[in-house]
Amino acid sequence: MSKYNFKEIEEKWKKIWRDEKSFKAIDFDPKPTYYVLTEFFGVSGKGLHMGHVKANIPTDVIARYKRLKGFNVLYPVGWDAFGLPTENYAIKTGEQPLKVTNDNIKNFTNQLESLGMSYDWDRQFATCDPDYYKWTQWIFLQLLNHGLAYRKHGIVNFCPNCKTTLSNEDSQNGECDRCHGKVEQKERDVWYLKMTEYAEHMLKDHENCDFPEYVKAMQRNWIGKSEGAEIDFDLENTAEKLTVYTTRPDTLFGVTFMAIAPEHKIIEQLKNKIQNISEITNYQETVKHKSAFDRTVAKDKTGVEIVGIKAINPVNGAKIPIFVADYVMMGYGTGALMAVPAHDTRDFEFAQKFNIPIIQVIEGGDINKQAFTGDGKLINSDFLNNKNTDEAKQLMIKYLEDKKLGRRKINFKMQDWSFNRQRYWGEPFPVVICPNCGYVALDENDLPLKLPEIEDYKPDDNGNSPLAKATDWVNCKCPKCGANAKRETDTMPNWAGSSWYWLRFIDPHNNNELASQEKLKYWGAVDLYTGGDEHVTRHMLYASFWHHFLYDIKAVPFEYPFKKRLCNGLVLGADGNKMSKSLGNVVDPMDILKPYGADAFRLYSLFSGEYDQNTIWNEQGIKGCVKFISNVWDLPNIMTDESIISDKHQVILNKLIKKVSEAIENFTHNTAIAEMMIFVNTVKQDKYITKEELREFLIVLNPFAPFITSEMYEQIFKQSILKQSFPDFDEKKCIEDIIELPVQINGKLKGVIKVANNAEQAEVITQLKNQLPNIAQTPTKKIIYVKNRILNLIV
RNA sequence: GCUGAAGUGGCGGAAUAGGCAGACGCAAGGGACUUAAAAUCCCUCGGGGGCAACCCCGUGCCGGUUCAAGUCCGGCCUUCAGCACCA
């Protein structure tokens with residue numbers, strides 16, 4: 001045969017698969033279903049990068065494998081197009097967002113076809129398609145109608161670079177998720193989605209979905225559930241109360257001061273009674289100018305005592321000083337805390353600095369040196385004395401509840417989702433602002449509320465929405481009272497469209513509902529969902545929230561969105577750094593595809609590193625895969641005409657099938673490829689492969705190298721390889737009749753003998769005498785023989 | 001500090017359930033073919049010792065269990081990732 005011409009053959013099969021819609025998923029087919037999905041593509045770039053290849057090839061392999069195994073596979077593709085990423089890209093290139101979206105989709109499509117991705121292309125959509133965002137808006141209306149979307153004036157994250165408010169998830173580490181600039185805090189009116197309402201549901205996903213341990217840990221951390229109590233402290237000479245949140249109500253007798261966040265509203269409310277108000281105002285100003293880093297990471301405690309007001313401990317009437325201190329965060333709990341320096345490290349540091357007394361209420365540690373934060377027996381605590389921590393907590397909460405001084409409370413670090421952006425490229429909110437009626441929801445039948453085309457869509461320096469300029473669109477009638485009204489001009493964040501898209505793939509063209517109940521029931525939850533771990537505390541949380549909500553309103557018939565989640569590692573540049581233009585270490589996948597071909601590239605991307613680990617790109621290694629492909633192409637030269645599996649190749653072929661099947665499911669593709677190389681090396685050495693052996697080998701290789709195997713199968717067997725079944729293996733045939741058994745003396749290897757599979761000890765000893773007489777002569781105290789594993793002689 | 005994961009040749013990485021450590025591949029070295037190069041094929045390839053058959057050491061470190069430990073147990077060290085004044 002001539003040399004493998006991958007260029008010609010890849011073009012041929014690309015066209016066939018496109019024209020014949022070879023990977024179309026058929027609704028309601030009686031075969032078992034398998035729904036596999038990798039996070040859809042952001043179109044904020046011209047095309048694929050190496051990370052896409054590493055993330056997507058493994059799911060293409062499993063999709064192709066499952067089809068050959070007889071599953072009805074749903075493997076869709078789509079475009080995450082709305083939002084900051086795409087819009088920032090459009091601004092950079094000076095184009096309209098819709099144009100860059102369409103251009104980039106075209107390019108992505110072509111590249112993905114070149115890689116041999118087996119998507120059902122008919123199900124694709126972009127989140128900026130009106131037919132799609134109609135239902136994103138519909139979900140928002142449902143949230144609004146169920147009281148889960150609300151407006152609130154508050155302090156929110158604001159990115160001065162992207163000129164928009166951001167959610168907490170988008171501002172992790174005080175950094176904008178998109179531009180990595182520093183995020184500021186601003187006071188604004190904001191749309192919130194009540195995500196905290198679903199916090200428990202989101203945690204429950206961890207019991208019902210198969211996530212890697214570290215993914216669960218990250219989410220648990222972010223959701224940050226804690227159990228404790230809210231306690232009301234009377235304030236001397238005022239009618240106001242100061243409510244604090246604590247996880248240690250058992251230590252209430254040890255409170256020696258109170259601390260409130262500089263933003264706490266009680267300062268404004270009681271300013272007339274505060275004797276050092278100007279000192280406090282000054283402190284508030286300094287804090288405002290501190291960066292998020294200085295405030296949260298720098299451990300040096302600062303604060304100012306409020307002169308003129310004291311708090312009263314509800315259990316013993318003690319008068320307690322109140323401090324304004326920036327180690328207290330307004331965003332968590334009530335923005336105020338009861339400080340127990342004996343048993344809290346931060347309170348201890350603060351008390352030392354400000355010479356505040358320390359009262360020990362739990363036995364243990366040495367509180368002269370440091371806070372004792374462990375559990376123990378209560379002391380100095382009246383009715384709690386001699387109780388242990390757990391019991392004391394419960395007794396104290398009961399006491400507070402009985403006397404109406406406080407209540408049991410569960411708190412989350414995670415906060416509600418701030419949901420509006422002062423940007424153009426996103427879903428318009430389906431609400432109208434009426435001077436008479438306030439915020440009024442549009443009627444479902446008026447969806448989609450289309451995003452108007454505007455020439456200058458760039459964000460405004462003052463954080464005003466670009467849509468405000470589209471006055472024809474903004475001015476409207478109130479759907480309730482008919483008065484002149486205005487539309488909401490902020491838009492939804494990029495995470496809106498991605499919070500339910502896997503459901504739409506199930507029924508992408510439905511105009512009457514987001515997806516039909518029958519089809520949702522047929523396909524069910526995503527069996528395997530893969531993507532990057534940067535989404536674990538963003539997209540994955542939002543997705544969980546929306547899915548549970550849709551389940552609660554019966555729009556979706558299954559409770560959990562994803563059955564299993566895997567996260568891929570990154571592809572790093574040859575220098576070990578993240579690929580980036582500024583470092584000049586970026587490798588374009590298309591530059592690899594061209595000289596080596598798609599199959600070799602696919603194999604190498606799977607062979608050269610572990611799926612969930614970062615991989616350092618090294619082009620050298622691909623040669624081994626190119627060689628392998630070329631060896632496969634040459635196999636017909638040594639093919640014999642028998643349609644049987646020869647005795648000699650029985651074991652190696654069975655082992656191959658077993659190994660590959662397991663490796664695909666376990667995402668350990670490198671071992672599968674190693675096994676295929678061993679197979680090819682062996683038959684090459686034996687100088688023959690039977691026709692049937694080659695047939696089964698091609699099917700096993702097909703998910704990894706779809707182009708060459710499709711071509712060879714057609715040439716030799718005159719059929720489509722896609723219609724074949726993945727061969728089964730026989731466990732019994734995975735081991736040779738005669739095996740090599742290692743022989744040890746005192747646990748050290750001395751030699752190897754050939755014995756029958758499953759041989760009994762007596763027979764093994766006989767063989768030992770025949771094959772290794774020197775060793776057999778050694779006088780032994782004890783013989784340890786494990787069938788097919790080891791013979792160990794103890795002397 | 002808390003949470004999670006991981007430490008194996010020059011490199012990427014193998015080694016179900018404790019049983020031949022280093023599969024498979026890359027790189028490197030030697031040889032064959034060739035006028036030459038590429039391609040291909042054959043050999044070597046953890047360290048140390050010996051002419052040799054062979055011997056000793058070796059999976060981050062120190063101990064332990066076991067006939068047998070990369071794998072199990074106890075105690076450290078290091079690296080990576082995420083979170084971090086969360087009351």
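What you are looking at is a predicted structure, and each value in this text was computed from that prediction instead of being measured. A note on names: the letters A, B, ... follow the listed sequences, proteins ahead of strands, and every chain is numbered from 1.
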For residues 249-256 of chain A, dump all side-chain donor-acceptor pairs below 3.5 Å to protein atoms at least two apart in sequence or in another chain.
from	atom 1	to	atom 2	distance (Å)
A:Asp250	OD1	A:Arg248	NE	3.2
A:Asp250	OD2	A:Arg248	NE	3.4
A:Asp250	OD2	A:Arg248	NH2	3.1
A:Thr251	OG1	A:Arg248	O	2.8
A:Thr256	OG1	A:Pro357	O	2.9

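Side-chain atoms of A:His535 and A:Glu39 form a donor-acceptor pair, as typed in the model, at a separation below 3.5 Å. With no hydrogens or angles considered, a side-chain donor-acceptor pair links A:Gln172 and A:Thr537 at under 3.5 Å.
With C1' as the reference atom, B:G46 and B:A14 are 15 Å apart, rounded to whole Å. To the nearest whole angstrom, the two P atoms, one in B:G74 and one in B:C51, are 47 Å apart. Straight-line distance between the C1' atoms of B:A28 and B:G4: roughly 38 Å, to the nearest whole Å. Straight-line distance between the C1' atoms of B:C77 and B:G60: roughly 7 Å, to the nearest whole Å. Rounded to whole Å, the C1' atom of B:C73 lies 36 Å from the corresponding atom of B:G25. When the P atom is used for both B:C42 and B:A6, the distance is 38 Å, rounded to whole Å. Separating the P atom of B:A69 from that of B:C61 is a span of 15 Å, rounded to the nearest Å. Taking atom P in both B:U34 and B:G29, the straight-line distance is 23 Å, to the nearest Å.
Within 4.0 Å of A:Lys627, counting heavy atoms only, lie sugar-phosphate atoms of the nucleic acid but no base atom. Residue A:Ile678 is classed as a sugar-phosphate contact, given heavy-atom separations below 4.0 Å to backbone atoms only. Base engagement by A:Val328 is indicated by at least one non-hydrogen atom pair under 4.0 Å involving a base atom. Within the 4.0 angstrom heavy-atom criterion, base atoms lie near A:Asn792.
Atom pair A:Ile223:CD1 and B:G82:C1' shows a separation of 14 Å (rounding to whole Å applied). In this structure, CD of A:Gln744 is placed 6 Å from C1' of B:A68, rounded to the nearest angstrom. Distance NZ (A:Lys687) to C1' (B:C42): 12 Å, rounded to an integer number of Å. Spacing between atom CG of A:Asn681 and atom C1' of B:C42 amounts to 14 Å, rounded to whole angstrom units. Counting to the nearest Å, the C1' atom of B:A81 and the CD atom of A:Glu610 are 15 Å from each other. We find that OH of A:Tyr327 is positioned 19 Å from P of B:A84, with the value rounded to whole Å. Nucleotide B:C80 holds its C1' atom 12 Å from the CG atom of A:Leu570, rounded to whole Å. Computed from coordinates, the A:Lys216 NZ to B:A5 C1' distance equals 15 Å when rounded to whole Å.
Shown here, B:G46 forms a base pair with B:C57; the pair counts as Watson-Crick or G-U wobble because both key distances fall under 3.5 Å. Applying the Watson-Crick and G-U wobble criteria (two distances, each under 3.5 Å), B:A37 pairs with nothing in any strand. In a base pair of the Watson-Crick type (N1 to N3 plus N6-O4 or O6-N4) or a G-U wobble (N1-O2 and O6-N3), with each distance short of 3.5 Å, B:A81 is matched with B:U3. In this structure B:C72 sits in a base pair with B:G64, meeting the Watson-Crick or G-U test at under 3.5 Å. As the counterpart of B:A14, no nucleotide is assigned, since no Watson-Crick or G-U wobble pattern has both distances under 3.5 Å.
Mapping A:Tyr604 and A:Asn614 onto RNA chain B by nearest heavy atom places A:Asn614 at the nucleotide closer to the 5' end. Mapped onto RNA chain B by nearest heavy atom, A:Gly624 and A:Ala217 fall at different nucleotides, with A:Ala217 at the one closer to the 5' end.
Side-chain N/O atoms of A:Asn221 and base N/O atoms of B:C83 include no donor-acceptor pair closer than 3.5 Å.
Comparing B:G19, B:C24, B:A87 by their nearest atom to the side chain of A:Thr247 picks out B:A87. Relative to the side chain of A:Glu662, the nucleotides B:U16, B:C85, B:C83 differ in distance, and B:U16 lies closest. Here the side chain of A:Pro742 is nearest to one of B:G25, B:G82, B:C20, namely B:C20. Closest contact between the side chain of A:Met329 and the listed nucleotides B:A5, B:A23, B:A87 involves B:A87. In this structure, the nucleotide among B:C20, B:G25, B:A23 sitting nearest to the side chain of A:Phe607 is B:G25. When distances run from any side-chain atom of A:Thr246 to the nucleotides B:G4, B:A87, B:C85, the shortest one goes to B:A87. Distance from the side chain of A:Glu213 is smallest to B:A5 among B:C24, B:A5, B:G19. If you check B:C85, B:G25, B:A87 against the side chain of A:Asp326, the one that comes closest is B:C85.
Taking 4.0 Å as the cut-off between side-chain N and carboxylate O, A:Glu213 and A:Arg220 count as a salt-bridged pair. Salt-bridge formation is not detected for the pair A:Arg538/A:Glu169: no Lys NZ or Arg NE/NH1/NH2 atom is positioned less than 4.0 Å from an Asp or Glu carboxylate oxygen.
Remark: A:Lys301 qualifies as a cation-pi partner of A:Tyr327 under the 6.0 Å distance and 45° angle criteria applied to the six-membered ring.
Note on A:Asn670: every side-chain N or O is 4.0 Å or more away from OP1 and OP2 of B:A23. Contact annotation: A:Ser608 does not reach the phosphate of B:G13 (side-chain N/O to OP1 or OP2, under 4.0 Å). Remark: A:Tyr214 is not in phosphate contact with B:A81, judged by side-chain N or O atoms under 4.0 Å from OP1 or OP2. Close to B:A87, at under 4.0 Å from its OP1 or OP2, lies no side-chain N or O of A:Lys413. Look at A:Lys684 and you'll find a side-chain N or O under 4.0 angstrom from OP1 or OP2 of B:C41.
For B:G9, the base is syn relative to its sugar; the glycosidic angle is within 90° of 0.
Looking only at side-chain heavy atoms (C-beta outward), A:Val632 and A:Phe679 stay at 4.5 Å or farther from each other.
Between A:Phe697 and A:Phe628, the ring-plane angle classifies as perpendicular under the 30° and 60° cut-offs.
Atom NZ of A:Lys754 has 12 or fewer neighbouring heavy atoms from other residues, nucleotides or ligands inside a 6.0 Å radius.
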All N/O pairs under 3.5 Å across the protein-nucleotides 55-60 of chain B interface:
from	atom 1	to	atom 2	distance (Å)
B:C55	OP1	A:Lys750	NZ	3.3
B:C57	OP2	A:Lys748	NZ	3.4

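Ring centroids of A:Phe350 and A:Phe257 are separated by less than 6.0 Å, placing the two rings close together.
Every residue meeting the ring-ring contact (aromatic ring centres under 6.0 Å, His included) condition with A:His669, not counting sequence neighbours, appears here in chain and number order: A:Phe667.
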